[in-house]
Amino acid sequence: MDDELNVTYITLGGYVEMGKYRYLYFSIMLTVYILTICFNCTIVYLIWIHKNLHEPMYIFIAALLLNSIVYNTAMYPKMLSDFLSEEQLISYSACLFQFFVYYTLSASDFFLLSAMSYDRYVSICKPLQYPTIMKKTTVCIFLALSWCLPACQIAVPVTLSVNTKLCNFTLRGIFCNNLIYKLHCLSSRVLSVYGVIVLLNVVLFPVLFILFTYTKIFIITYRSCGEVRMKVAQTRLPHLLVLINFCGFVSSSL
């Protein structure tokens, strides 16, 4: 706690003793950060300049990549500075901001993947109605919901945590996640119940919807001829690659 500036600082205790390897870790993380930003920005730019890619599927992919750019920009610079610092500190307000960005964008990715699966479902199961259903207005609504719904839901626990009294000032992690609740003097049953509800809304329901749409697609594909199967496989490939990549990212982050 800094009484002079009235700022509460949290120690990030997830960093092990790096010693002489801190510069190696810094170089690796900096390289990953630069390559990730460059790759994502390049793909988004290519989708933007090529009008033949202005389709729902590629627009949703661009939205996922934009989420990745914002996420990496919010997380990596602080992590890079921590690698070079003797003491890893973060203000409580900045910690809450990291918490908000991390969970909002993670939840947004699930919603975007659901929108992509719905797009593939309509494209394959209702091809004649596809231009009518997946029009520009529908895509814009999906994008707005994918960003606004998670932000509104995650903003509630962040707002409630702003003025919460802290009794512990060491967070056992390298960035701020739900471990911030262990910093509070009193655990809140309301926040715990609300967290379960949000988890159902932003993770479980989207995953179930993705499984449902792909089950319908697989059933229709199985009943179709070989040529149709090949076409369906080609149209599903971008979504499957994004989905597998995202699931791998989530698994490594847990």
Let me have the donor-acceptor pairs involving side chains of residues 28-51, under 3.5 Å, with sequence neighbours excluded, atom names and distances please.
{"unit_1": "T31", "atom_1": "OG1", "unit_2": "S27", "atom_2": "O", "d": "2.8"}
{"unit_1": "T36", "atom_1": "OG1", "unit_2": "V32", "atom_2": "O", "d": "2.7"}
{"unit_1": "N40", "atom_1": "ND2", "unit_2": "T36", "atom_2": "O", "d": "3.4"}
{"unit_1": "N40", "atom_1": "ND2", "unit_2": "S68", "atom_2": "OG", "d": "2.9"}
{"unit_1": "T42", "atom_1": "OG1", "unit_2": "C38", "atom_2": "O", "d": "2.6"}
{"unit_1": "H50", "atom_1": "ND1", "unit_2": "L46", "atom_2": "O", "d": "2.9"}

Report yes or no: do L112 and L208 belong to one cluster of Ile/Leu/Val/Met/Phe/Trp/Tyr joined by side chain heavy-atom distances under 4.5 Å? no

Which value, rounded to the nearest 0.5 Å, describes the distance between L179 atom CG and T170 atom OG1? 12.0 Å

Taking side-chain contact (heavy atoms from CB on, under 4.5 Å) as the criterion, tell me which of I180, L96, L166 meets it with I10. L166

So R120 and T213, do their side chains get closer than 4.5 Å, heavy atoms only? no

So how far is it from S93 OG to Y9 OH, rounded to the nearest 0.5 Å? 8.5 Å

Y130 versus D119, side-chain donor and acceptor atoms under 3.5 Å: yes

The criterion is ring pair (Phe, Tyr, Trp, His ring centres under 6.0 Å); which residues satisfy it with H184, sequence neighbours excluded? Y181

If we only count heavy atoms from C-beta on, is the V202 to F110 side-chain gap below 4.5 Å? no

Which value, rounded to the nearest 0.5 Å, describes the distance between F205 atom CZ and L200 atom CG? 5.0 Å

Are L204 and Y214 connected into the same hydrophobic cluster when the rule is that any two of I, L, V, M, F, W, Y join if their side-chain heavy atoms are below 4.5 Å apart? no

Are any of the side-chain heavy atoms of F26 and L80 separated by less than 4.5 Å? yes

Does some side-chain heavy atom of F60 sit less than 4.5 Å from a side-chain heavy atom of L64? no

side-chain contact (heavy atoms from CB on, under 4.5 Å) filter on C125, not counting sequence neighbours, yields Y121, I217, I220

Which residues pass the ring pair (Phe, Tyr, Trp, His ring centres under 6.0 Å) test with F100, not counting sequence neighbours? none

Determine, step by step, whether I61 and M116 satisfy the side-chain contact (heavy atoms from CB on, under 4.5 Å) criterion, reporting the C-alpha distance in whole Å, the side-chain angles of both residues, the deciding distance to 0.1 Å, and the verdict. CA-CA 8 Å; I61 290 177; M116 292 171 66; 3.7 Å; yes

Rounded to the nearest 0.5 Å, how far does SG of C148 lie from CD1 of I141? 12.0 Å

Taking every non-hydrogen atom, the tightest pair across M75 and Q98: CE-O, 3.4 Å

Identify, with sequence neighbours excluded, every residue that meets ring pair (Phe, Tyr, Trp, His ring centres under 6.0 Å) alongside F209. none

Keeping the roles fixed (side chain from Y71, backbone from S106), state whether a donor-acceptor pair exists under 3.5 Å. no

Disulfide bond (SG atoms under 2.5 Å apart): pairs with one or both residues in residues 158-200, sequence neighbours excluded: C95-C176, C167-C185

Atom pair CG (L171) and CD (Q88), whose distance is rounded to the nearest 0.5 Å: 12.5 Å

With the side chain counted from C-beta on, respond yes when L143 and I59 share a heavy-atom pair under 4.5 Å apart, and no when they do not. yes

Flag side-chain contact, heavy atom, 4.5 Å: V158 against F99: yes

Are I197 and V203 connected in the hydrophobic side-chain network, where two residues link if heavy atoms are under 4.5 Å apart? no

What distance do I90 atom CD1 and F175 atom CZ have between them, rounded to the nearest 0.5 Å? 11.0 Å

How about F97: does its CZ atom have over 12 heavy atoms from other parts shown lying under 6.0 Å from it? no

Spell out, yes or no, whether V207 and V196 are grouped together once hydrophobic residues are joined by side-chain heavy atoms under 4.5 Å, including indirect joins. no

Within the structure provided, determine whether N178 and Y103 are in side-chain contact (heavy-atom separation under 4.5 Å). yes

Provide the closest heavy-atom pair for D82 versus R22 in the form atom of the first, atom of the second, distance. O-NH1, 4.5 Å

Hey, does I154 have a side-chain heavy atom less than 4.5 Å from the side chain of Y102? no

Could you pull out the closest heavy-atom pair between P157 and S161, with the gap in Å? O-OG, 2.7 Å

Say whether M57 and I133 are linked into one hydrophobic cluster, either directly or through other cluster members, by side-chain heavy-atom distances under 4.5 angstrom. yes

Is a side-chain donor or acceptor of S108 paired with a backbone partner of S146 at a separation under 3.5 angstrom? yes

